[in-house]
Amino acid sequence: MELICICCPLGCRVTIEKTADGFAVSGNTCPRGKDYAISELTAPVRMVTSSVPVVGSADKTVSLKTDKPIAKELIFKALDTLKGVVASAPVKEGDIIVENILGTGVNFVATREIEKI
């Protein structure tokens with residue numbers, strides 16, 4: 001299987017094959033490429049970004065991201081946890097908006113500051 005590594009801007013073309021001893025990875029220019037390829041084959045994860053409405057501010061929304069990667073198959077369920085969530089100003093960058101998404105220990109956190117009016 002061939003992948004494009006997304007760990008850094010180089011975008012190495014990485015080839016990974018299952019072997020009797022584990023995995024054979026080639027094409028990566030750093031160790032992160034090997035780890036990425038194995039993770040993509042065995043348990044892919046992604047950072048998730050979104051936004052929710054905010055009240056008490058001139059800003060209408062606050063952008064969010066997960067504070068750690070979450071299993072790829074949970075992305076849409078994680079986004080569903082944001083339905084009906086409304087943040088209240090003031091919001092500080094890094095504030096937890098939704099805690100422990102789906103029992104994973106991963107949180108949705110604010111990515112910027114929102115001032116209160």
Side-chain angles (χ1 to χ4, degrees):
M1 168 185 256
E2 188 173 291
L3 304 167
I4 306 255
C5 180
I6 60 172
C7 290
C8 76
L10 287 177
C12 297
R13 290 189 180 276
V14 179
T15 302
I16 181 167
E17 294 178 22
K18 180 92 169 104
T19 66
D21 298 330
F23 297 97
V25 180
S26 62
N28 54 305
T29 57
C30 71
R32 292 185 307 171
K34 180 179 180 179
D35 294 341
Y36 171 77
I38 293 170
S39 172
E40 275 299 289
L41 206 61
T42 59
V45 294
R46 297 288 185 276
M47 297 294 286
V48 180
T49 60
S50 191
S51 61
V52 294
V54 64
V55 295
S57 175
D59 294 300
K60 302 294 181 207
T61 61
V62 61
S63 54
L64 310 174
K65 69 172 188 157
T66 52
D67 58 359
K68 292 178 255 180
I70 194 165
K72 194 173 173 182
E73 69 267 8
L74 295 178
I75 290 173
F76 291 108
K77 288 180 183 178
L79 290 170
D80 283 344
T81 67
L82 297 176
K83 289 182 179 173
V85 172
V86 177
S88 296
V91 177
K92 300 262 190 253
E93 184 177 342
D95 280 357
I96 295 173
I97 305 301
V98 176
E99 190 173 11
N100 194 21
I101 306 162
L102 305 170
T104 61
V106 177
N107 306 306
F108 272 114
V109 297
T111 63
R112 66 186 190 107
E113 303 217 1
I114 302 291
E115 292 184 16
K116 185 175 184 170
I117 55 171

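Start at 1 with the first residue, then count along the sequence. Everything quoted here is computed from the prediction, not taken from an experiment.
Linking ILVMFWY residues whenever their side-chain heavy atoms come closer than 4.5 Å, directly or via other members, places Val25 and Met1 in the same cluster. Linking Ile, Leu, Val, Met, Phe, Trp and Tyr residues whenever their side-chain heavy atoms come within less than 4.5 Å places Phe76 and Val98 in a single cluster. Taken together through direct or relayed side-chain contacts under 4.5 Å among Ile, Leu, Val, Met, Phe, Trp and Tyr, Leu102 and Val45 form parts of separate hydrophobic clusters. Cluster membership for Val91 and Val85, using ILVMFWY side-chain heavy atoms within less than 4.5 angstrom, is shared.
The OG1 atom of Thr29 sits 5.0 Å away from the CG atom of Leu10 when rounded to the nearest 0.5 Å. Rounded to the nearest 0.5 Å, atoms CD1 (Ile101) and CD1 (Ile70) are 5.0 Å apart. From Tyr36, atom OH reaches atom CG of Leu3 across 6.0 Å, with rounding to the nearest 0.5 Å. Considering CG of Asp35 and SG of Cys7, their distance stands at 8.0 Å, rounded to 0.5 Å. Note: Thr42 OG1 to Ile16 CD1 = 7.5 Å, rounded to the nearest 0.5 Å.
The two residues Pro69 and Val106 make their nearest non-hydrogen contact at O-CG2, 3.9 Å. Closest heavy-atom contact between Asn28 and Cys12: CA-CB, 4.3 Å. Nearest heavy atoms, Val14 versus Gly33: CG1-O, 4.3 Å. Across every non-hydrogen atom of Ile114 and Ser57, the tightest pair is CG2-OG, 3.2 Å.
Between Val52 and Val86 the shortest side-chain heavy-atom distance does not fall below 4.5 Å. Annotation: side chain of Arg13 is in contact with side chain of Ile4 (closest heavy-atom distance under 4.5 Å). The closest side-chain heavy-atom distance from Ile96 to Phe108 is not below 4.5 Å.
One finds no salt bridge joining Glu73 and Arg46 here, because no Lys/Arg side-chain nitrogen approaches an Asp/Glu carboxylate oxygen to under 4.0 Å. Comment: Lys83 engages Asp80 in a salt bridge, judged by a side-chain N to carboxylate O separation of less than 4.0 angstrom.
Judged as a side chain to side chain donor-acceptor pair (under 3.5 Å), the pairs with a partner in residues 105-117 (not counting sequence neighbours) are, in order, Ser63-Thr111, Asp67-Asn107.
In this structure, Lys60 has no salt bridge (Lys or Arg N to Asp or Glu O under 4.0 Å) partners at least two apart in sequence or on a different chain.
Taking the ring axis of Phe23 as reference, the NZ or CZ atom of Lys18 stays within 45° of it and closer than 6.0 Å to the ring centre.
Under the 3.5 Å distance criterion, the side-chain polar atoms of Lys68 are matched with a main-chain donor or acceptor of Gly105. In this structure a side-chain-to-backbone donor-acceptor pair under 3.5 Å is missing from Ser50 to Leu64. A donor-acceptor pair is defined here as one N or O able to donate and one able to accept, closer than 3.5 Å; no such pair exists between the side chain of Asp59 and the backbone of Thr61.
The only option from Lys65, Glu99, Glu93 that meets the side-chain contact (heavy atoms from CB on, under 4.5 Å) definition with Val109 turns out to be Lys65.
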